[in-house]
Q: 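Sending over a structure as structure tokens; questions will come in a sec.
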Amino acid sequence: MSNRKIKTFAPKGTRDFLPVQMFTRNKIINLIKKIFEKYGYEPLETPSIERLDVLTGKYGEEGDQLIFKILKRGTGLDKVGVELKEFTVTDYKDIIDLGLKYDLTVPLCRVIAMHKDKITFPFKRYQIQPVWRADKPQKGRYREFYQCDVDVAGSSSMLADFEIIYMVYEILKTLGFKNFLIRINNRKILNAILEHCKIEQNKSFFVLSAIDKLDKIGKKGVINELKKKNINEKVIDNLLEIILLEGTFEQKLNELGHIFKENKIGNEGIEELKEIFYYLSKTDIDSDFYSLDLSLSRGLEYYTGPIYESVVKEPKIGSLTGGGRYDKLIGMFLGEDVPATGTSLGIERIIDVMTELNMIPETKTITKVLITTFDENLKQESINTTWKIRNSGINAELFFEPLRLNKQLSYANKKGIPFVCIIGPDEKKQNKVKVKNMKTGEEKLIENNKIVEFIKSITD
RNA sequence: GAGGGUAUAGUUCAGACGGUUAGAACGCCAGGUUGUGGCCCUGGAGGUCAUGGGUUCAAGUCCCAUUACCCUCCCCA
């Protein structure tokens with residue numbers, strides 16, 4: 001053995017998930033999967049890596065920079081000691097051809113374009129996989145994290161958007177969230193507002209991202225931000241007056257209707273939201289859980305219609321889920337537009353928030369029984385009993401080394417295994433197994449041929 | 001891309017003005033109990049004080065650089 005140690009640290013923005021953490025992760029993921037499947041959504045997985053041109057140009061300039069890019073084989077740049085004389089990169093494609101996937105929506109679009117003949121539309125799929133962002137990590141933000149997407153492609157119906165929003169509600173509710181808000185808006189309405197306020201196309205991105213910060217930096221903050229971008233004060237006033245419209249969604253939408261008058265895009269957006277809100281109002285969801293929020297814009301460039309995200313007030317961590325309609329994105333791969341809508345659930349953030357709010361009871365182990373090994377002579381007895389219990393479908397662990405009993409019991413105790421089987425000479429003589437309840441300390445001698453039945457009865 | 005913080009045992013952290021064998025808690029190992037865990041008691045292992053350089057008679061402590069991680073902004077799940 002070498003006494004040299006490799007310094008251990010996880011790369012920034014990444015984490016190891018130890019068994020105790022995996023239990024809660026799996027629990028949450030399984031619950032989410034079950035709900036997706038209940039609504040008729042089916043699983044999909046795609047590779048970690050994609051061709052770079054599949055990824056770029058979908059997330060905006062900022063997003064493109066955050067894609068992890070992979071050095072092409074054969075550039076020589078991955079070798080040490082090789083002189084690369086007069087090596088000039090004129091195009092990143094010369095040295096990079098692949099990237100790690102940045103989200104699950106773009107790969108979905110690629111899949112739809114590639115396998116259109118095998119897919120029945122509307123295509124309702126869910127996908128739970130890690131994605132990577134070359135970001136600077138901070139609270140609630142990682143460089144490798146799981147996303148969990150549900151989308152429906154091939155339907156323009158607002159029922160699809162409504163169904164997605166309802167699923168988000170059901171998932172958060174089922175996970176135990178009490179206070180959250182699903183904010184809903186529409187890109188068409190935002191575009192109409194920008195048009196109405198006569199904001200130039202090239203400034204629309206800045207304006208939208210400033211407005212999006214409304215609940216974070218307040219009205220004054222937004223005004224400052226917009227002034228910095230040389231937006232005329234009159235325009236700012238006009239803009240904020242609309243964004244800050246008050247009242248129920250109906251009142252807001254009607255007011256927007258008056259403002260837009262003949263604006264076709266704007267009116268389309270209004271009609272879409274009216275439909276979604278109508279469906280929502282007919283459900284069991286308390287209206288406190290969703291609202292029309294005209295300041296919501298969402299960063300990704302590809303959204304074309306209704307957009308939505310869910311947030312919690314405490315702790316401050318950004319959004320838990322986010323999504324919207326993207327009717328043009330698949331067309332970038334296929335050549336013909338396929339309407340689509342969907343959302344992404346941030347599993348990491350959901351878990352972080354649930355942990356911070358103490359919403360997750362700790363699971364120490366999922367093993368129900370430890371079978372101790374008394375000595376070499378009785379080893380086979382323990383093996384037999386272990387397999388008998390396992391074959392009945394109960395999680396059981398066999399202690400391999402015939403160490404002193406206190407070691408074996410201490411192990412069960414530390415791991416939190418609730419029951420222990422002891423098979424020593426006394427038990428063997430009587431053809432019995434001693435079963436100890438680690439919580440109460442109670443012990444019972446059970447007939448060998450009744451052991452499975454007994455374990456079943458106490459572990460249910 | 002801009003700014004701030006931190007780096008000492010497996011882990012979380014102490015180490016006033018630089019001064020002799022670097023500490024605690026938890027965890028780990030052994031024993032107290034060779035058929036009984038948790039609690040308690042006793043003992044033990046474990047640190048080139050992130051790396052490299054500098055100042056000094058003397059550096060974990062002061063200075064510089066490097067690296068890593070954390071946090072804030074931008075942006076996002």
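Lettering of chains follows the sequences in order, A, B, ..., and the numbering in each one begins at 1. Worth knowing before you read on, the calculation uses all heavy atoms, side chains too, and leaves out hydrogens, waters and symmetry mates.
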Q: Report the residues that fulfil ring-ring contact (aromatic ring centres under 6.0 Å, His included) with A:Phe162, sequence neighbours left out, ordered by chain and then residue number.
A: A:Tyr279
Q: Mind jotting down which residue pairs meet the side chain to side chain donor-acceptor pair (under 3.5 Å) criterion with at least one end in residues 175-189 of chain A? Sequence neighbours excluded, please.
A: A:Arg183-A:Asp293, A:Arg183-A:Ser295, A:Arg183-A:Glu309, A:Asn186-A:Glu272, A:Lys188-A:Glu268, A:Lys188-A:Glu272
Q: Are A:Asn191 and A:Glu195 close enough, and set up right, to give a side chain to side chain donor-acceptor pair (under 3.5 Å), and what steps lead you there?
A: CA-CA 6 Å; A:Asn191 287 336; A:Glu195 201 180 302; over 6 Å; no
Q: Side chain to side chain donor-acceptor pair (under 3.5 Å): which pairs involve residues 394-409 of chain A, sequence neighbours left out?
A: A:Glu397-A:Tyr411
Q: Using a strict heavy-atom distance below 4.0 Å, which residues from residues 205-228 of chain A are in contact with RNA chain B?
A: A:Ser209, A:Lys213, A:Lys216
Q: For A:Arg325, is there an ion pair with A:Asp161 - N to carboxylate O distance below 4.0 angstrom?
A: yes
Q: Using distance only, find each side-chain donor-acceptor pair of residues 438-455 of chain A under 3.5 Å and give its atom names and separation, not counting sequence neighbours.
A:
residue	atom	partner	partner atom	Å
A:Thr440	OG1	A:Asn437	ND2	3.4
A:Thr440	OG1	A:Glu442	N	3.2
A:Glu443	OE2	A:Lys436	NZ	3.3

Q: Give me the distance, rounded to whole Å, that separates B:C39 from B:C26 when you measure between the P atoms they each carry.
A: 11 Å
Q: Can you check the A:Leu403 CG to B:C29 C1' distance for me, whole Å?
A: 13 Å
Q: Check residues 350-362 of chain A and write down every donor-acceptor pair under 3.5 Å in which the side-chain atom is one partner and the other belongs to a residue at least two apart or another chain.
A:
residue	atom	partner	partner atom	Å
A:Asp352	OD2	A:Tyr142	OH	2.7
A:Thr355	OG1	A:Ile351	O	2.6

Q: B:A77 C1' sits how many Å from A:Arg133 CZ, rounded?
A: 6 Å
Q: May I ask you to say what A:Thr372 touches in the nucleic acid, namely base, sugar-phosphate or nothing, with a heavy-atom cut-off under 4.0 Å?
A: nothing
Q: So that I can compare with my own list, what are the stems of RNA chain B, taken as at least three consecutive Watson-Crick or G-U pairs with distances under 3.5 Å?
A: B:1-7 with B:67-73, B:10-13 with B:23-26, B:28-32 with B:40-44, B:50-54 with B:62-66
Q: Please list, by residue number, the residues of residues 39-48 of chain A whose heavy atoms come closer than 4.0 Å to an atom of RNA chain B; answer none if no residue qualifies.
A: none
Q: Given the P atoms of B:A7 and B:C63, what is the spacing between them in whole Å?
A: 13 Å
Q: Please state the C1' separation for the pair B:U48 and B:G44 - nearest whole angstrom.
A: 23 Å
Q: To the nearest Å, give me how far apart CD1 (A:Ile307) and P (B:C76) are.
A: 11 Å
Q: Between protein and nucleic acid, restricted to nucleotides 67-71 of chain B and to nitrogen or oxygen atoms under 3.5 Å apart, what atom pairs and distances do you find?
A:
residue	atom	partner	partner atom	Å
B:C69	OP1	A:Lys12	N	2.5

Q: Measuring only the P atom in each nucleotide, how far is B:G60 from B:G18? A whole number of Å is fine.
A: 13 Å
Q: Mind calculating the distance between CD (A:Glu348) and C1' (B:A77) to the nearest angstrom?
A: 9 Å
Q: CZ of A:Arg183 versus P of B:C76: gap in Å, rounded?
A: 12 Å
Q: Between A:Asp352 (CG) and B:A77 (C1'), how many Å, whole number?
A: 11 Å
Q: Strictly under 4.0 angstrom, non-hydrogen atoms only: write out the protein contact profile of nucleotides 32-41 of chain B, one letter per nucleotide from the 5' end, B, S or -.
A: SS-BBBB---
Q: When the P atoms of B:G47 and B:A9 are compared, how many Å lie between them, rounded to an integer?
A: 10 Å
Q: Would you kindly give the CZ-to-P distance between A:Arg25 and B:A77, to the nearest whole Å?
A: 17 Å
Q: Would you call A:Glu42-A:Lys124 a salt bridge at under 4.0 Å N-O?
A: no
Q: Between side-chain atoms of residues 27-37 of chain A and protein atoms elsewhere (two or more places apart, or another chain), which donor-acceptor pairs fall under 3.5 Å?
A:
residue	atom	partner	partner atom	Å
A:Asn30	ND2	A:Asn26	O	3.1
A:Glu37	OE2	A:Tyr126	OH	2.5

Q: Using a strict threshold of under 4.0 Å (side-chain N to carboxylate O), is an ion pair present between A:Lys434 and A:Glu427?
A: yes
Q: What ring pair (Phe, Tyr, Trp, His ring centres under 6.0 Å) pairs are there with at least one residue in residues 37-60 of chain A, not counting sequence neighbours?
A: A:Tyr59-A:Tyr102
Q: Using atom CZ of A:Phe68 as one end and atom P of B:C76 as the other, report the distance to the nearest whole Å.
A: 18 Å
Q: So, A:Arg125 and A:Glu45, do they make that salt bridge, N to O below 4.0 Å?
A: no
